[in-house]
Amino acid sequence: VTPARIDFFFSFRSPYSYLAAPRAFALPERFDVDVAFRGVIPMAMRGQSVPREKGLHTLRDAKREAVRLGMPFGRIHDPIGDGAIRCLLVAEHAVDVGRERDFVLEASRGIWGEAADVARDAGLRPLCERAGLSWSDCAAALEDRSLRARVDADTAALADLGHWGVPVLVFDGELFWGQDRIEDLEVALVDAGLERALGGAGGG
Amino acid sequence: MPGAFADTLTRRVLPRLVVALSQVGWPARAGARARRALGRRGRVELFFAFDDPCSAIAVIELAARVGRRRGVRLVLRPVVARGIDGDPALEQKRRYAIVDARRLARRSGLALRRGEPLAAEEAAFLAEWVAAAGAPAAAQGPALTSFCVAAMRRLWLETDGRVRRADYAGLWRERFGGEPPGVAPDAGAGAAAVRRNERLMRRRRPYDTPAACVHGRWFFAHDRLVQIGERLDELGWAESQS
């Protein structure tokens, strides 16, 4: 039986995407689902205005949520511009080699918790290598126009769904927006009978 | 290289500074201790909109949660205008808010009945009543909170379709024993009080509803009910044991 699919719309410039990623990618451990990574271009690069107060509140709130989740947050290097696009292109390459989870987790932690400047090779390369990716393949991905077309298509797909922000998880046509709505998605997956049976009675 | 300096400042230094400053807790804790020493209560100031289903969840939940904390009061500040100026996703957000509020309601064991967004002007009279009766904040009490909870329940959990002013006037009379405010000669007082709340909300920094301001820190109240409780705990206003 083919597992159900969850589309995970993600932006490297979104701290809430960073906070969502470990739990989103962990869903197949508990449910019969596949998580499909869909990287999107940051809102501020899509002509949508982000008021100053919203930006400030997001940083403060994300810090509090990161503390709750036990995730590093605060040593930041905002990747807007080239950095965000470079991460999206490498993420598409990582999808092709089955390492998108590793790369997305490493790169987003680098951006939000380690102040990695992903617009520069010196900042991006160690994150790629920590994710088990070959730097020469990643460098080639940065020049690959077909990967850029995939990023544009995923960005358009989010808009076609009638949504504006990230992270968004889509299951069976239903949208769950926000790192703090994963618990509602889990309820929907339980309702759909997709929770895996707990294995092995008496297995220590 | 002023360009490189500016880039470093905006991408690295300022975000890090904002995060670091947000973690400084001693001024608020000292302020809370001083309030208690002076016999003053703590405050959760909630900016909300009657036409916003997520505000309904926030009002219902915070009324119960703050009510369990001795020495803390919920100050209710209804608004009508809010959000990001010129937001291109405004209509999508209004529709999604219903989906989202339905899920949040389920977490609280509630069920949302209304299935379509409510026009702001349809529920504006409720904001005017509450804003007029609740200004100044010292005039607010359990009857006003009870009315807001009952009105939100009626609007979002118990009814669909058009909003009938007479239903809500009945809820008002049950709690206050008189007619709602806003009749002549003070017909404009409610609208003016709502505008004051909207200006106050901008001064406090939130840009959308429902927003709870808790002694120098604000939260989207429907999303952060637990965190609001933790903030009150941190400031020394724990839940009462009873």
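Please read these numbers as outputs of a predicted model, since none were measured by experiment. Chain letters run A, B, ... following the sequence lines, proteins first and then strands; every chain starts at 1.
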Filtered by a 4.5 Å non-hydrogen cutoff, the part of residues 122-154 of chain A contacting chain B is none

What is the distance from atom CD of E183(A) to atom CZ of R107(B), rounded to the nearest 0.5 Å? 3.5 Å

Looking at NE2 of H222(B) and CG of D180(A), how far apart are the two atoms once the value is rounded to the nearest 0.5 Å? 8.0 Å

Does K63(A) reach the side chain of Q23(B), with side-chain heavy atoms less than 4.5 Å apart? yes

Closest non-hydrogen contact found for L175(A) with R103(B) is O-NH2, 2.7 Å

With chain A as the partner, which of D87(B), L104(B), D208(B), L17(B) has the greatest number of non-hydrogen pairs under 4.5 Å? L104(B)

Within a reach of under 6.0 Å around CG of D85(B), are more than 12 heavy atoms found that belong to other residues, nucleotides or ligands? no

Is it the backbone or the side chain of R217(B) that comes under 4.5 Å from a heavy atom of chain A, or both, or neither? side chain

Residues in residues 160-170 of chain A near chain B [non-hydrogen atoms, under 4.5 Å]: G162(A), H163(A), W164(A)

Atom CZ of R205(B): over 12 foreign heavy atoms under 6.0 Å: no

Could you label the plane-to-plane angle of the W218(B) and H57(A) rings as parallel, tilted or perpendicular, counting under 30° as parallel and over 60° as perpendicular? parallel

Closest non-hydrogen atom pair between R68(A) and E230(B), with its separation: NH1-OE2, 2.9 Å

Considering non-hydrogen atoms only, spot the tightest contact between I84(B) and P51(A) and give its length. CG2-CG, 3.6 Å

For D117(A), is there an ion pair with R11(B) - N to carboxylate O distance below 4.0 angstrom? no

Determine, stepwise, if the pair V187(A) / R106(B) fulfils side-chain contact (heavy atoms from CB on, under 4.5 Å). CA-CA 10 Å; V187(A) 170; R106(B) 178 175 165 167; 3.1 Å; yes

Proximal component of L21(B), with respect to chain A [non-hydrogen, under 4.5 Å]: neither

Proximal component of D61(A), with respect to chain B [non-hydrogen, under 4.5 Å]: side chain

The interface call for D100(B) against chain A, heavy-atom contacts under 4.5 Å, is side chain

R120(A) and D7(B) ion-paired at < 4.0 Å: no

Report yes if the side chains of R202(B) and E53(A) come closer than 4.5 Å at any heavy-atom pair, otherwise no. no

Counting neighbours of CZ on R30(A) that are heavy atoms of other residues, nucleotides or ligands and sit closer than 6.0 Å, is the number greater than 12? yes

Chain B: which of G55(A), G178(A), A62(A), A115(A) shares the most heavy-atom pairs with it under 4.5 Å? A115(A)

Applying side chain to side chain contact (heavy atoms under 4.5 Å, CB included) to T10(B) and not counting sequence neighbours gives none

Residues 70-87 of chain A vs chain B, non-hydrogen distance cutoff under 4.5 Å, contacting residues -> F73(A), G74(A), R75(A), I76(A), H77(A), D78(A), P79(A), I80(A)

